[in-house]
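For reference, the structure discussed in these notes is given below.
Just so it is clear, the values below take in all heavy atoms, side chains as well, and ignore hydrogens, waters and symmetry mates.
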Amino acid sequence: MISRSPSLIGARVTRVEDARLLTGRGRYVADLDAPGAVHVAFVRSPHAAAHVGRIDVTRALAEPGVVACLTAADLAPLARPIRAESRTRGYRATDLGALASGVVRHQGEAVAAVVAESRYVAEDAADLVGVDWEPLPAVTDPRAAAAAGPFVHADLGTNVILEREFRTGEVEPAFRAATLVVADRFRFHRHAAIAMENRACLAAWDTGRGDLTLHSTTQIPGMIRDALADILDLPGHRIRVVAPDVGGGFGMKTILYPEEVAVAAIARRLGRPVKWIGDRREDLLTSSQAWDEQVDAELAVDGVGHILGLRATVLCDVGAYSMYPWTASIEAVQVISFLPGPYRVPAYRGAVQAVATNKAPMGPYRGVGRPVSAFVVEGLLDRAARRLQLDPGEIRRRNFVRPDEAPYRSASGVVWDTATFAECLERACRIADYEGLRRQQQEARAAGRSFGIGIASYVELTGVGSAIPASPGADISTGTEGATVRVDASGTVTATFAIASQGQGHETTLAQVVAGTLGARLGDVRVVHGDTAAGPIGSGTYASRTAVIAGGAAVRAAEAVRDKALVIAAHLLEASASDLDVADGVISVRGAGDRRVTLREVARAAYAAGRRLPHGLEPGLEATRYYDPYFGTASGATHIAVVEIDRAVAAVRLHRYVIAEDCGRVINPLVVEGQTIGGLAQGVGAALLEEVVYDGGGQLLTGTLLDYLVPMATDMPPITVEHLDRPSPSTLGGFRGVGEGGTIGAPAAIANAVSDALAPLGIEITELPITPERLFQLLAVC
Amino acid sequence: MKPPKFDYHAPTTVDEAITLLSRYGDDAKLLAGGQSLMPLLNFRLARPAALIDLNRVEGLAGIREVDGQVRFGAMTRQRAIEFSPVVARRLPLLVEATKLVGHLPIRSRGTIGGSIAHADPAAEYPAVLAALDGEVVVRGPRGERVVKPADFFQTYLTTTLGRDEVLTEVRLPAMDGKAGWAFEEFSRRHGDFALVGIAAIVAGDGARCTMARLATAGAGPVPVRLRAAERILESQGLGDAAIEAAAARAAEIVEPDSDLHASAAYRKNLTRVLTERAVRRAVTRLGGR
């Protein structure tokens with residue numbers, strides 16, 4: 001048995017990237033210089049829907065410093081439209097040009113690109129572009145739009161671009177047999193991602209080589225490269241996509257955006273580097289948005305609270321386009337995939353319609369669908385518990401999939417490799433002193449105060465392998481990642497991945513995995529990522545996959561390098577490889593610590609070769625390995641939110657928050673806590689603050705951060721996070737994903753806490769966010 | 001989000017600023033702390049031909065006590081007010097209100113004159129000016145005039161300030177040392193503009209209320225003195241019933257609008273609740289500090 005440096009995996013190591021990210025020394029797209037770069041400002045539609053008539057660029061072109069002013073007709077020969085295909089039956093793809101031609105379908109869609117020597121000049125000139133708009137009736141109500149025209153895409157003849165249904169067991173008999181059926185219409189409003197760094201890209205066309213380099217704020221450099229090869233009709237190896245330091249993505253940057261195509265095409269046309277730094281207004285108007293569902297759901301239970309059946313109809317407003325690569329299915333289908341939650345649901349029917357409207361397109365956002373599923377099913381469970389006079393913890397205990405039932409196939413067909421759900425609940429209750437909180441609640445109620453405790457349990461599928469496409473039916477590979485681990489002749493290690501980081505700490509966690517597996521010192525491992533020219537093939541960072549899939553590839557590649565290092569060390573030490581230990585960059589003979597070589601000496605031998613290597617051994621000390629976890633692994637948690645309501649002003653105050661989560665083997669507790677608390681903040685936003693509002697004409701009313709309210713530090717309660725640390729049996733390394741969990745549990749837990757606080761008044765929350773205005777209206781009718 | 005082109009002037013005297021204003025007619029904006037103007041420029045919602053920057057004008061900032069008034073140069077930063085010993089002693093209501101203005105970086109740049117001249121009805125300073133019945137000093141080519149709040153605020157973001165005039169000073173009467181005070185506001189998040197804010201000052205003598213001053217932020221197009229509610233307190237005292245009656249009256253007086261964040265009905269409710277809370281808290285501070 002060969003020892004590793006196992007203590008590195010699981011260590012609370014501070015993040016190596018913070019030295020630059022927290023001191024303002026990160027290098028983001030806006031920080032990158034390219035000699036001779038020109039700047040783009042887009043002319044964007046003020047209308048939600050309009051025919052685009054003549055575009056007059058003469059005044060703009062006359063402005064000093066303007067280099068070019070391009071429209072769809074100029075870019076059409078250089079770039080095909082973006083089209084997200086899917087094999088899903090009944091799915092309808094939508095073409096999205098780099099610039100809109102003929103018709104615009106949401107406010108902010110670009111129809112022209114003004115290229116100038118500075119962004120100031122470009123914006124001045126963009127004001128001078130004359131566009132003959134012929135406004136069309138805006139489609140904004142998805143329910144009406146599902147039933148009849150006008151159609152967002154006239155050629156489709158419908159606004160329903162996707163329908164899907166899951167059905168398990170005998171649903172109608174289950175409802176007939178039920179002692180109690182609880183039902184409600186739930187509304188989860190539209191949300192924006194609000195990454196700290198707006199979207200941006202810089203394209204440079206090397207006219208000598210015929211190469212394109214695109215620096216972009218993307219989470220998916222690999223997928224962007226592959227897509228651009230088709231769209232721009234260039235060989236893949238002529239395109240390099242680099243994601244430098246990127247300030248947040250949350251799924252919103254996992255999409256190929258028209259600006260990326262436009263900037264690349266313009267750079268090729270002009271032969272000059274072209275830079276577009278999106279501003280916050282552009283971000284709010286054009287970056288993908290999230291959620292926006294209406295869910296009619298019913299839960300059937302027996303007299304003691306066992307779930308007999310669940311049925312739901314979901315209407316999802318997916319906005320104007322079905323975005324590449326995920327398609328409009330990504331958000332909509334996830335809701336019905338995860339509605340059964342961590343529970344035994346013997347009979348289930350979930351149906352979803354994805355409806356196009358004249359709003360910004362829908363995309364994946366932290367949690368994708370599952371915050372909505374959890375809000376609905378956790379809300380229904382609490383309603384059932386109230387009617388049956390059961391404690392909300394108890395009704396969950398009675399329905400959780402048990403550990404001995406794993407692997408368990410859920411009612412929607414997802415397989416849970418383990419089921420630590422009850423353990424999460426018990427741990428969370430213990431941390432929160434649940435019984436004590438209930439006593440506090442009784443005292444508060446006796447004093448006329450509204451104090452509430454909300455529980456939400458969830459399970460999600462992370463590190464999804466090739467068996468289950470992250471986006472059903474889409475023609476993309478999302479189940480694999482690679483890692484290259486190379487020890488150079490100086491003895492330091494470079495580990496290269498195709499994933500990209502938007503601040504998650506991959507340069508630390510993946511280094512921990514590599515160093516821990518290889519037996520190197522942590523400081524000797526450098527992680528390189530986010531550059532399609534740099535390493536193995538892969539797609540990027542999304543769907544809570546990096547720790548699992550890139551981490552698994554890292555384990556494999558590091559093991560291969562370690563095994564070869566041991567063979568070389570055995571040769572140098574004249575010992576048997578099986579007698580060697582490796583730790584902290586030193587390989588020694590077990591029981592004879594003075595017989596040792598360093599990793600550096602082994603690396604020198606590996607490249608010097610000759611007699612320093614065993615006869616016939618290939619020189620070099622590096623390995624590239626790929627990993628496919630095939631199914632993926634279950635990650636779950638229980639959240640407990642404690643709230644107090646100031647009824648007079650209709651305000652919710654978050655009093656305390658507890659999370660007990662199982663993300664498998666923890667690579668770095670600090671990073672897991674950062675991910676969980678960050679995710680929680682976005683869940684708090686969803687529950688209480690954040691809402692994208694369009695008016696009936698498709699005009700965005702939340703076009704600034706004065707009106708679109710993200711949570712701030714002062715909105716966060718005291719938080720306790722604990723980890724179960726139960727290694728996954730089905731992934732290499734035992735890791736499970738944890739990037740999204742905080743956001744999944746929080747809206748449900750907070751909604752349940754508010755309902756619990758207001759239970760004496762008969763108020764049950766059905767709509768998020770719980771704004772003061774909404775709460776005021778609810779309280780007013782009591 | 002880059003501003004359109006504008007001329008930039010940085011005068012060093014008020015007279016120079018007035019001359020520049022006159023030269024541009026209606027087409028220049030004064031730049032004080034820039035906390036509202038710069039976003040408006042960057043969104044291209046404001047497109048003035050010129051910015052006249054007051055930051056280099058001598059003598060426009062500072063806090064002085066004169067004749068029972070505290071006088072603030074228009075360019076006095078909110079952060080300076082927050083920590084001024086004179087303000088803490090003479091105008092504790094203003095200190096409390098200042099802590100509710102935006103966030104630290106905003107208060108570090110933002111000025112009292114800028115906030116009042118901008119006349120955002122949801123801002124705290126106009127409400128304090130109204131509650132204390134202070135004055136603003138305005139200078140133009142025809143000289144100086146002193147304006148009371150009722151004659152200054154016209155409607156949203158609109159005042160009687162002439163296009164060639166500069167607000168140079170804000171004068172607030174020092175508060176009675178025995179008065180109680182409170183500024184209560186409700187905003188979606190800490191530091192946001194108030195959905196409704198209430199400034200309250202009460203003076204009393206046993207259960208008798210000798211003076212009550214109540215003014216709103218966010219409950220209409222201009223800060224509103226709640227005189228009818230004040231009269232209830234002054235005639236009925238500071239007991240629970242009187243406070244509740246005054247608060248109910250306050251909600252009847254205001255005519256708030258509905259917007260994205262709050263309906264008129266909810267703002268009326270907030271006016272009632274916050275008036276009640278502000279008066280109750282002010283009462284706890286009666287009798288000197």
Side-chain angles (χ1 to χ4, degrees), chain A residues 39 41 63-65 116 118-128 198 277-284 646-652 684-685 688-695 700-716 769 771-777 779-780, chain B residues 1-6 35-36 38-45 47 99-100 102-106 120 122-123 184-198 218 244 247-248 251 256 258-278 280:
Chain A
H39 297 260
E63 190 79 352
S118 79
R119 171 79 182 213
Y120 287 88
V121 174
E123 285 195 24
D124 287 346
D127 272 357
L128 301 175
N198 289 323
I277 308 298
D279 62 32
R280 185 60 69 190
R281 185 165 170 74
E282 292 181 289
D283 177 61
L284 285 161
D646 182 343
R647 291 194 306 272
V649 294
V652 177
V684 168
L688 299 176
L689 290 163
E690 298 184 55
E691 180 178 353
V692 174
V693 182
Y694 283 93
D695 71 11
L700 181 68
L701 301 183
T702 46
T704 74
L705 294 184
L706 210 59
D707 286 324
Y708 186 84
L709 306 181
V710 293
M712 301 190 295
T714 43
D715 297 303
M716 294 295 284
T771 61
E773 178 67 39
R774 287 200 178 103
L775 198 52
F776 171 70
Q777 299 297 344
L779 289 162
Chain B
M1 282 175 64
K2 305 289 185 203
K5 276 184 263 189
F6 53 81
Q35 298 304 296
S36 298
M38 293 315 296
L40 288 171
L41 288 172
N42 287 343
F43 276 111
R44 296 183 175 235
L45 294 171
R47 294 166 175 263
K99 292 180 195 298
L100 299 169
H103 304 273
L104 191 150
I106 292 173
D120 190 313
E184 281 282 340
E185 76 171 38
F186 185 79
S187 58
R188 295 289 307 274
R189 299 171 304 182
H190 171 77
D192 283 353
F193 277 112
L195 294 184
V196 171
I198 301 288
E244 282 165 29
S258 296
D259 64 20
L260 191 61
H261 297 293
S263 64
Y266 176 50
R267 282 198 162 93
K268 274 182 172 287
N269 176 70
L270 286 176
T271 303
R272 180 182 59 76
V273 175
L274 297 176
T275 299
E276 188 177 324
R277 288 182 181 179
R280 282 189 201 285

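Heavy atoms closer than 4.5 Å to chain A are found in both the backbone and the side chain of B/Tyr266. With a threshold of 4.5 angstrom between heavy atoms, A/Arg280 approaches chain B through its backbone and through its side chain. Neither the backbone nor the side chain of A/Glu691 comes within contact range of chain B, judged by heavy atoms closer than 4.5 Å. Proximity to chain A (any heavy atom under 4.5 Å) is shown, for B/Arg267, by neither the backbone nor the side chain. Only the side chain of A/Thr714 comes within less than 4.5 Å of a heavy atom in chain B; its backbone stays farther off. For A/Leu779, no part lies near chain B; criterion is any non-hydrogen pair under 4.5 Å. In this structure, chain B has a heavy atom under 4.5 Å from the side chain of A/Val693, while its backbone stays farther away. Contacts of A/Val652 with chain B are absent, with no heavy-atom separation under 4.5 Å from either backbone or side chain. Only the side chain of A/Asp646 comes within contact range of chain B, with at least one heavy atom under 4.5 Å from a heavy atom of that chain. Residue B/Arg277 touches chain A through its side chain alone, counting heavy-atom pairs closer than 4.5 Å. Using a 4.5 Å cut-off between heavy atoms, A/Leu689 contacts chain B through both its backbone and its side chain. For B/Pro3, the parts sitting under 4.5 Å from any heavy atom of chain A are the backbone and the side chain alike. Both the backbone and the side chain of A/Asp124 come within less than 4.5 Å of a heavy atom of chain B.
For the set B/Leu270, B/Leu274, B/Leu260, the count of heavy-atom pairs under 4.5 angstrom toward chain A peaks at B/Leu260. Among B/Arg44, B/Glu276, B/His261, the residue making the largest number of heavy-atom pairs under 4.5 Å with chain A is B/Arg44.
The heavy-atom pair separating A/Pro772 from B/Arg188 by the smallest distance is CD-NE, 3.3 Å.
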